[in-house]
Each structure stands twice: as C-alpha cells, then as structure tokens.
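Data first, discussion second: the structure below is written as structure tokens.
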Amino acid sequence: MAANALEQTLLKATKVIEDQIDAEIAKLDNLDEDDMEAIRNRRIQAMKQLQQQKQEWLNQGHGEYTEITTEKEFFDQSKKSKNLVCHFYRDTTFRCKIVDKHLAILAPKHLETKFIRINVEKCPFLVERLRIKVLPTICIAKDGKTTDYIVGFDDLGGSDDFPIEMLEWRLGRAEVIQYSGDLLTPPWEPSKSSVKKIFSHAKKTIRDDGDDDSEDDGDW
C-alpha cells in the first residue's frame with residue numbers, strides 16, 4: 001500500500017511538471033513578432049545594464065587584488081563596494097603568500113567583489129576592532145559590515161596545498177562572490193596524509209595560524 005501511494009504521489013508530481021513545461025512551450029509557440037521584439041529588447045537592455053555595472057566595478061578598482069596601507073582606506077573601500085574581501089597579512093607569514101596567490105587569480109574572475117589586502121603591522125586599531133588574532137585571516141564584508149571570517153586554512157581543508165577552487169567555494173558559501181557551483185559540496189577533500197593541524201589555542205597577540213573563538217558584532 002505504501003509503495004502504491006508513493007508511486008501515485010510521484011506520478012502526480014511528474015504530471016504537474018509536464019503540464020508546466022507544456023504551458024511554457026505553448027506560450028512560446030503563440031508569441032507574435034511584437035512579443036519576440038519585446039523579448040529581444042529586454043535582453044539587450046539587460047546586457048547594457050550588465051556592461052554598465054561591470055564598468056562601474058572597474059572604476060572602483062574591482063578586478064585587481066590591491067594593497068591598502070591605512071585603516072581609513074579600509075573603511076572607504078567597505079563603503080564603496082557592496083562585496084569586500086580583505087586579507088590581513090604579515091610579510092613574514094608563509095601561509096599569507098599562499099592566500100595572496102589565490103586571491104590575485106580570483107579578483108579578475110569576480111568583478112562583483114573588491115579584493116584587497118592590508119598589513120596587520122600598519123593597522124593596529126583595525127586589527128583590535130575586528131579581533132584578528134590569527135594570520136592569515138580573510139575578512140568578508142557585505143554592505144559595510146563584517147559577515148564572515150576565513151581564519152587560517154581549516155575551512156579550506158586544513159592543508160597548505162588546497163586548490164583555488166576550495167577558496168572560491170568558501171567565498172561562495174559566504175555569499176560574497178557569485179558562485180555557480182554546488183555550495184553544499186566542497187570541491188576538494190585533502191587526503192589524510194596531507195591534513196595538518198594548523199590551529200592552536202588562542203593567544204592574546206596576533207600569531208601565525210591558530211584558533212579564534214571571538215565574535216564580532218559586524219558594525220564598523
């Protein structure tokens with residue numbers, strides 16, 4: 001009985017989908033020249049708007065992975081760009097160079113997002129305000145507010161050799177870039193032999209790798 005009920009439910013669901021498809025096909029078949037022209041005009045307008053938006057992003061410095069040197073620049077960038085990815089780094093931290101490599105590639109691919117980096121030694125107030133204690137840390141902001149952090153490499157597979165696709169997926173999960181893949185499934189899982197424990201207990205000073213249990217209220 002249960003099997004028959006399930007079969008009937010599936011048949012009804014399939015019928016609904018088929019009816020919807022048939023209705024869309026019928027709608028397309030009945031389009032006249034004026035309807036087709038209206039569709040073409042809407043597509044052209046949408047393409048023009050997209051091109052205009054891309055140009056605005058480029059004018060704001062999107063498409064490049066750039067260095068900022070002051071805290072004021074950070075606040076200015078967060079106000080100008082709806083989506084912001086900021087890498088807090090130190091020159092002597094090896095893993096920061098890995099992040100730099102990946103973000104430099106992702107920046108021109110995702111014009112909708114501003115990618116920047118700032119040296120923690122030049123922004124002590126900002127580091128304290130955002131409670132950054134581990135390097136590398138990627139701060140993610142939307143509409144001028146912090147919404148997420150990628151601290152160390154734990155979210156990226158826990159390995160130094162994580163592929164760029166893993167970072168792109170994680171940024172997609174944070175909704176700071178337009179990600180076209182499956183957000184529910186990571187694109188890469190490291191082998192057991194390559195997994196490294198890169199987090200340790202939090203300390204009061206900024207350090208390379210580790211854990212950060214603090215929370216931020218998101219307001220700047």
Side-chain angles (χ1 to χ4, degrees), residues 49-50 52-156 164 167-179 202-220:
Q49 291 176 350
L50 178 59
Q52 182 179 357
Q53 178 64 80
K54 286 183 177 180
Q55 189 58 52
E56 290 178 1
W57 285 331
L58 291 173
N59 292 341
Q60 294 173 359
H62 290 219
E64 298 180 4
Y65 180 46
T66 56
E67 173 103 12
I68 61 173
T69 57
T70 68
E71 291 158 341
K72 182 179 183 302
E73 284 185 272
F74 177 83
F75 292 117
D76 289 343
Q77 293 291 345
S78 69
K79 293 176 181 177
K80 291 178 181 178
S81 298
K82 178 179 177 63
N83 300 310
L84 181 73
V85 171
C86 182
H87 173 207
F88 286 82
Y89 80 98
R90 182 191 285 131
D91 282 329
T92 56
T93 303
F94 168 73
R95 291 189 174 99
C96 288
K97 301 182 187 303
I98 297 174
V99 173
D100 282 337
K101 180 185 68 173
H102 289 320
L103 293 183
I105 296 173
L106 290 176
K109 182 177 179 180
H110 293 280
L111 295 181
E112 70 277 9
T113 303
K114 177 73 173 179
F115 289 81
I116 59 177
R117 71 174 193 155
I118 186 169
N119 191 322
V120 294
E121 296 175 353
K122 297 181 180 180
C123 58
F125 166 78
L126 192 58
V127 166
E128 182 178 358
R129 177 68 188 86
L130 299 182
R131 304 174 190 175
I132 293 173
K133 301 176 182 178
V134 179
L135 297 180
T137 286
I138 299 175
C139 174
I140 296 168
K142 293 175 65 65
D143 297 315
K145 293 185 178 181
T146 55
T147 59
D148 201 353
Y149 293 93
I150 303 175
V151 182
F153 292 169
D154 195 45
D155 288 357
L156 306 173
I164 189 172
L167 177 55
E168 186 175 27
W169 173 81
R170 179 62 177 81
L171 293 174
R173 291 275 297 177
E175 299 181 346
V176 73
I177 63 171
Q178 296 174 4
Y179 185 76
K203 298 180 181 179
K204 296 298 183 181
T205 57
I206 298 176
R207 65 196 184 287
D208 298 346
D209 300 332
D211 193 12
D212 182 7
D213 297 326
S214 64
E215 295 181 357
D216 189 80
D217 57 16
D219 296 325
W220 294 345

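Values reported hereafter were calculated over all heavy atoms of this structure, with side chains retained and with hydrogens, waters and symmetry mates removed. Numbers here simply count residues along the sequence, with the first being 1.
- In terms of the side chain to side chain donor-acceptor pair (under 3.5 Å) criterion, Thr66 has no residue partners (sequence neighbours excluded).
- No donor-acceptor pair closer than 3.5 Å links the side chain of Ser81 to the backbone N or O of Leu84.
- Contact record, Cys86 with Ile118: SG-CG2, 3.8 Å, taken as the closest heavy-atom pair.
- Residues forming a ring-ring contact (aromatic ring centres under 6.0 Å, His included) with Tyr65 (at least two apart in sequence, or on another chain): none.
- If you take CD1 on Ile68 and NE2 on His87, they are separated by 12.0 Å, rounding to the nearest 0.5 Å.
- The NZ atom of Lys79 sits 11.5 Å away from atom CZ of Phe74, with the distance rounded to the nearest 0.5 Å.
- Residues forming a side chain to side chain donor-acceptor pair (under 3.5 Å) with Thr113 (at least two apart in sequence, or on another chain): none.
- Shown here are the salt bridge (Lys or Arg N to Asp or Glu O under 4.0 Å) partners of Glu175, two or more places apart in sequence or in another chain: there are none.
- Other residues, nucleotides and ligands contribute more than 12 heavy atoms inside 6.0 Å of the CD atom of Glu56.
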Chi angles and distances behind the side-chain contact (heavy atoms from CB on, under 4.5 Å) call for Phe88, Ile138: CA-CA 6 Å; Phe88 286 82; Ile138 299 175; over 6 Å; no
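- Taken from CD in Gln60 to CG in Leu111, the straight-line distance is 11.0 Å, to the nearest 0.5 Å.
- Between Lys72 and Asp76, at least one side-chain nitrogen of the basic residue sits less than 4.0 Å from a carboxylate oxygen of the acidic one, meeting the salt-bridge criterion.
- Summarising the geometry of Asp91 relative to Lys97, their closest heavy-atom pair is O-NZ, 3.2 Å, with the distance given to 0.1 Å.
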Check against side-chain contact (heavy atoms from CB on, under 4.5 Å), Ile177 and Asn83: CA-CA 7 Å; Ile177 63 171; Asn83 300 310; over 6 Å; no
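- Scored by the salt bridge (Lys or Arg N to Asp or Glu O under 4.0 Å) test, Arg173 finds no partners at all (sequence neighbours excluded).
- Here the CG atom belonging to Asp100 is positioned 10.0 Å from the CD1 atom belonging to Ile98, to the nearest 0.5 angstrom.
- Listed by first then second residue, pairs satisfying salt bridge (charged side-chain N to carboxylate O under 4.0 Å, His left out) with a partner in residues 105-115 read Lys109-Glu168, not counting sequence neighbours.
- A search for side chain to side chain contact (heavy atoms under 4.5 Å, CB included) contacts involving Asn59 returns Gln55, not counting sequence neighbours.
- With rounding to the nearest 0.5 angstrom, the CG atom of Leu126 is 9.0 Å from the CZ atom of Arg129.
- Neither side chain, Tyr89 nor Glu121, offers a donor N or O lying under 3.5 Å from an acceptor on the other.
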Stepwise side-chain contact (heavy atoms from CB on, under 4.5 Å) test for Val176 and Asp148: CA-CA 9 Å; Val176 73; Asp148 201 353; over 6 Å; no
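- Every residue two or more places apart in sequence or in another chain was checked for a salt bridge (Lys or Arg N to Asp or Glu O under 4.0 Å) with Glu71, and none qualifies.
- In this structure Lys122 satisfies the side chain to side chain donor-acceptor pair (under 3.5 Å) test with no other residue, sequence neighbours excluded.
- Note: Leu171 CG to Ile140 CD1 = 5.0 Å, rounded to the nearest 0.5 Å.
- Scanning all heavy atoms of the two residues, the minimum distance from Leu156 to Leu167 falls at CD2-CA, 3.8 Å.
- Listed by chain and residue number, nothing satisfies the salt bridge (Lys or Arg N to Asp or Glu O under 4.0 Å) test with Lys101 (two or more places apart in sequence, or in another chain).
- Under the 4.5 Å side-chain criterion, counting only non-hydrogen atoms from C-beta, Val85 is not in contact with Ile116.
- Nearest approach of Ala104 to Pro108, heavy atoms of both residues: O-CD, 3.2 Å.
- Residue pairs satisfying the ring pair (Phe, Tyr, Trp, His ring centres under 6.0 Å) criterion with at least one member in residues 110-135, sequence neighbours excluded, are absent.
- When all heavy atoms of Cys139 and Leu130 are compared, the closest pair comes out as SG-CD1, 4.1 Å.
- Residues Ile150 and Arg170 come closest through the heavy atom pair CD1-CG, 3.5 Å.
- Contacts of His102 classified as ring-ring contact (aromatic ring centres under 6.0 Å, His included), with partners at least two apart in sequence or in another chain: Phe162.
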